[in-house]
Amino acid sequence: MGLKIEDLQKKHNRKDFSCGKILLDTYINKQASQDVKRNLSTCFVLVEDTDHIVKGYFTLSSGSIRRQDIPEDLAKKLPWGYEDMPTALLGRLAIDNSLKGQRWGERLLLEALERCLGISEMIGTLAVVVDPIDDEAQNFYKKYGFILLPTSGKMFLPIKTIKDLYKYK
């Protein structure tokens, strides 16, 4: 089975996607294409080469975090006068149960981070932000260096950290 990542399109078969989290399953089946049409987010899908069955996905959009939500040791390095800091939002990331345990979640995350790095070279972006839906998701992101923002429950990874990661790739 060959898999590839591409932009969500009508040809993609999403009806059997199941990651075990109702919120994420419902999103890809009922809302993702509407968000893309409305320019609220982009959606990238992991699909089988031959039949376009969706086996995973992630969404990206622009966002911001309040300066006061950033840990003090990082915030003090930022210029004053900015109340909100520009970010890329990794809104959703999910892998179909049929691929669990095969590191496809990691591959999708790294693809998303690489795309965010590219975006940061065109527009100002301080970090990538995620809003984990549960402890399992929070632990997943923590393994890749995401920092918990205790005031909001969101997590972020500075673009500088991503640049350093891809410097050695």
What one should report as the nearest heavy-atom pair of Cys43 and Ile28 is SG-CD1, 3.9 Å
Decide, yes or no, whether a salt bridge links Glu83 with Arg66 under the criterion of side-chain N to carboxylate O below 4.0 Å.
-> no
Taking the six-membered ring for Trp, are the ring centroids of Phe140 and Phe146 within less than 6.0 Å of each other?
-> no
Can you list the steps and then say if His52 with Asn13 is a side-chain contact (heavy atoms from CB on, under 4.5 Å)?
-> CA-CA 6 Å; His52 308 292; Asn13 180 349; 5.5 Å; no
Taking all heavy atoms of Arg14 and all of Val54, pick out the closest pair and write down the distance.
-> CG-CG2, 3.6 Å
Test: Lys11 and Glu6 ion pair at under 4.0 Å | yes
Looking only at heavy atoms, the pair that brings Thr87 and Ser64 closest together is OG1-N, 3.2 Å
Close side-chain approach of Gln9 and His12, heavy atoms under 4.5 Å = yes
Should the pair Lys21-Asp134 be classified as a salt bridge under the 4.0 Å nitrogen-to-oxygen rule?
-> yes
Trp104 and Leu3, any side-chain heavy atoms less than 4.5 Å apart = yes
Taking the six-membered ring of Phe44 as reference, does the NZ or CZ atom of Arg115 fall below 6.0 Å from its centre and within a 45° cone about the axis?
-> yes
Do the side-chain N and O atoms of Thr151 and Asp69 include a donor-acceptor pair separated by under 3.5 angstrom?
-> yes
When hydrophobic residues are tied together by side-chain contacts of less than 4.5 Å, even through go-betweens, does Met85 share a cluster with Ile159?
-> no
Evaluate side-chain contact (heavy atoms from CB on, under 4.5 Å) for Arg67 paired with Leu78, printing each intermediate quantity in order.
-> CA-CA 9 Å; Arg67 178 191 191 92; Leu78 300 171; 3.8 Å; yes
The single option from Leu117, Leu90, Leu109 passing side-chain contact (heavy atoms from CB on, under 4.5 Å) against Val128 = Leu90
Drop me the distance from Asp131's CG to Arg92's CZ, to the nearest 0.5 angstrom.
-> 9.5 Å
Check whether any side-chain N or O of Ser18 sits under 3.5 Å from a backbone N or O of Asp16 as a donor-acceptor pair, and report yes or no.
-> no
If you look at every heavy atom in Ala94 and Cys19, which pair is closest and at what distance?
-> CB-SG, 4.0 Å
Taking the side chain as every heavy atom from C-beta outward, state whether Leu108 and Leu110 have any pair of such atoms under 4.5 Å apart.
-> no
Indicate, with yes or no, if Phe17 and Leu8 share a hydrophobic cluster defined by side-chain heavy-atom contacts under 4.5 Å among Ile, Leu, Val, Met, Phe, Trp and Tyr.
-> yes
Going through the checks in order, is the side-chain contact (heavy atoms from CB on, under 4.5 Å) test met by Leu46 and Lys4?
-> CA-CA 5 Å; Leu46 176 68; Lys4 62 184 176 182; over 6 Å; no
Here the gap from Thr42 atom OG1 to Phe58 atom CZ, rounded to the nearest 0.5 Å, amounts to 7.0 Å
Ile147 and Pro71 have their tightest heavy-atom pair at CG2-CG, 4.2 Å
Cluster question for you: counting only ILVMFWY and a side-chain heavy-atom cut-off of under 4.5 Å, with indirect links fine, are Ile133 and Leu93 together?
-> no
Verify the cluster assignment for Tyr82 and Phe156: are they in a single hydrophobic cluster under the rule of side-chain heavy atoms below 4.5 Å apart?
-> yes
Could you give the distance from CG (Leu157) to NZ (Lys142), rounded to the nearest 0.5 Å?
-> 14.0 Å
Using a 4.5 Å cut-off on heavy atoms from C-beta on, say whether the side chain of Val47 contacts that of Lys55.
-> no
Heavy atoms only: give me the nearest Leu149-Ile70 pair and the separation to one decimal.
-> CD2-CA, 4.1 Å
Please test Ser33 against Asp35 for side-chain contact (heavy atoms from CB on, under 4.5 Å), starting from the C-alpha separation and ending with a verdict.
-> CA-CA 5 Å; Ser33 57; Asp35 284 359; over 6 Å; no
Verify the neighbour count for atom NZ of Lys100: are there more than 12 heavy atoms of other residues, nucleotides or ligands below 6.0 Å?
-> yes
Same cluster (ILVMFWY, side-chain, under 4.5 Å), Leu148 and Ile162 = yes
Value for CG (Leu113) from NZ (Lys163), rounded to nearest 0.5 Å, stands at 14.0 Å
Measure the shortest side-chain to side-chain distance between Leu40 and Ser61 over non-hydrogen atoms and say whether it is less than 4.5 angstrom.
-> no
To the nearest 0.5 Å, what is the distance between OH (Tyr141) and NZ (Lys154)?
-> 13.0 Å
Point-to-point distance, once rounded to the nearest 0.5 Å, from CD1 of Ile95 to CZ of Arg103 | 12.5 Å
